Amino acid sequence: MPEELYEIEANIPANPIEEYLRMDRMPHIWCPGCGIGTTVNCFVRALQTSGLDLDKVAVVSGIGCTGRVAGYMNLDSFHTTHGRAIPFATGLKLANPELKVVVYSGDGDLTAIGGNHFIHAARRNMDITVILINNMIYGMTGGQVAPTTPVGATASTTPHGNFEETFNLPFLAESCGAVYVARWTAHHVRHLTKSIKEALAKKGFSFIEILAPCPTLYSRRNKLGDGLDQMEFYRDHSQIKNGADTKSVAIDFQGDIVVGKFVDKERPTYLEAMNNHYQKKYGDRYVPSEEMRKVFHA
Amino acid sequence: MAEVAEQTKKAAKGSVVISAERCKGCGFCVEFCPPEVLELASEYNSKGYHTPILVKRELCTGCDICGMVCPDFAIYGYIMKKKSKEA
Ligand SMILES: Cc1ncc(C[n+]2csc(CCOP(=O)(O)OP(=O)(O)O)c2C)c(N)n1
Ligand code: SF4
Ligand code: SF4
Ligand code: SF4
Ligand SMILES: [Mg+2]
């Protein structure tokens, strides 16, 4: 290092992220230019200003490069089996309705093996926040094709290009009943932080899709350069369209990316619906659990 | 491990702290710093990555965009307090 350019200085603030991470686990496993760490910065900054009691925040991940997030967060966290972050988070929320439960996982984990859990949690309006990192492939296992791989993109299992229809995740989430739906990229750090904060404050199933570079297994195979090239692509080819019809936001291979907040609406959460239903049906004979009473003052 | 850029005579509003050993040289901080304060050094850290240095430190606003984009938690910006008021 060019020492003459630096001077050790006391009295400077500590890196704000460190108290939110398990620093004994650093350095993390992510490749140079991987976008997952960038999204973690935004998540932490959203938590910092959310006003949430961190003792009542839990992070749940599945398996994959993104799945590592749970293990790196200095919060109550759980690294579940592949595809099962949402059912685990559902159980956590039902048993402890006071908790703010955040699922942080990959596109493959949440929409391929875990796709059924995703649609039903959204349908039930389960009160959880789902942060999905879409790097368009299965990163951890070698860049296999995923339901999110754009048509025409190459993956390790589609050496001649992918011909399967790609999931339009905001449309999927909205159709299933999510009450908050947004998409950003790893380049949109300020918007993303604000959006995560909104999602954390939202009751019900909130969903944020974040496009993030996987230079090692997606960009390189598709001759798209490194992580920085991918970030520059996001900067140059994203259009912010808040309130856009989710039908219109499908992703094409290297096409323009529509980002923004698409859905923000109200409907009863799973637990609210359950409480209301049993109260109506059984009146005083319905006795909610103590945990539930704390939340619903029933 | 944390190193901080020397404060300049010209009044920079902010500065950054760089943990060069954590850096993987991706260049995000350099490219997305709004006033283009940073550059990657030609020197390497012990893992062989070029790490950022402040080349136009007087322009740093402490906005922390570098800290938000850095995937390796290796840099962050902060707004400097007035030196004269400090002990
Ligand atoms: C039941 C089961 N099947 C398959 C795997 C192998 N596996 C591990 S991670 C992964 C895909 C991860 O992809 P994604 O969720 O997109 O995460 P990324 O690594 O891209 O962040 C697969 C198939 C597994 N661990 N368990
Ligand atoms: S393989 Fe891809 S997703 Fe996984 S850490 Fe490397 S760049 Fe990130
Ligand atoms: S704090 Fe802002 S101005 Fe200063 S180096 Fe970082 S991004 Fe640039
Ligand atoms: S963003 Fe972080 S890892 Fe990338 S060059 Fe800057 S300090 Fe290094
Ligand atoms: Mg993936």
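Below, read A as the first sequence line, B as the second, and so on, with proteins coming before strands; counting in each chain starts at 1. The shown structure was predicted, so the numbers you read here are calculated from the model rather than taken from an experiment.
- The 12-atom threshold is exceeded at CD of B:Glu31, counting heavy atoms of other residues, nucleotides or ligands nearer than 6.0 Å.
- Remark: the backbone N or O of A:Pro32 is not paired with any side-chain donor or acceptor of B:Asp72 at under 3.5 angstrom.
- Note that the CE atom of A:Met26 and the CZ atom of B:Phe73 stand 5.5 Å from one another [nearest 0.5 Å].
- For chain A, the nearby part of B:Phe32 is the side chain; its heavy atoms alone come within less than 4.5 Å.
- For a residue to count as touching a neighbouring chain, one of its non-hydrogen atoms must lie under 4.5 Å from one of that chain's; by this rule A:Glu232 touches chain B with backbone and side chain alike.
- Under the 4.5 Å side-chain criterion, counting only non-hydrogen atoms from C-beta, B:Met68 is in contact with A:Arg45.
- Using modelled atom types, one side-chain atom of B:Lys24 and one backbone atom of A:Trp30 make a donor-acceptor pair closer than 3.5 Å.
- Residues from residues 187-197 of chain A that place a non-hydrogen atom less than 4.5 Å from a non-hydrogen atom of chain B comprise A:His187, A:Val189, A:Arg190, A:Thr193, given in numerical order.
- Of all the heavy atoms in B:Pro71 and A:Cys34, the pair that sits closest is CB-O, 3.2 Å.
- A distance of 6.5 Å separates CD of A:Glu18 from OG of B:Ser19, quoted to the nearest 0.5 Å.
- Contacts between B:Cys29 and chain A at a heavy-atom distance below 4.5 Å are absent for every atom of the residue.
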Next on the checklist: B:Tyr76 vs A:Ile17, test: side-chain contact (heavy atoms from CB on, under 4.5 Å). Steps then yes/no.
Outcome noted: CA-CA 9 Å; B:Tyr76 66 97; A:Ile17 199 158; over 6 Å; no
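- Contacts with chain B were tallied for A:Gly227, A:Pro27, A:Ala212; A:Gly227 has the most, counting heavy-atom pairs under 4.5 Å.
- Within the 4.5 angstrom heavy-atom criterion, atoms from both the backbone and the side chain of A:Asn15 approach chain B.
- Residue-environment remark: CD (A:Gln254) exceeds the threshold of 12 foreign heavy atoms within 6.0 Å.
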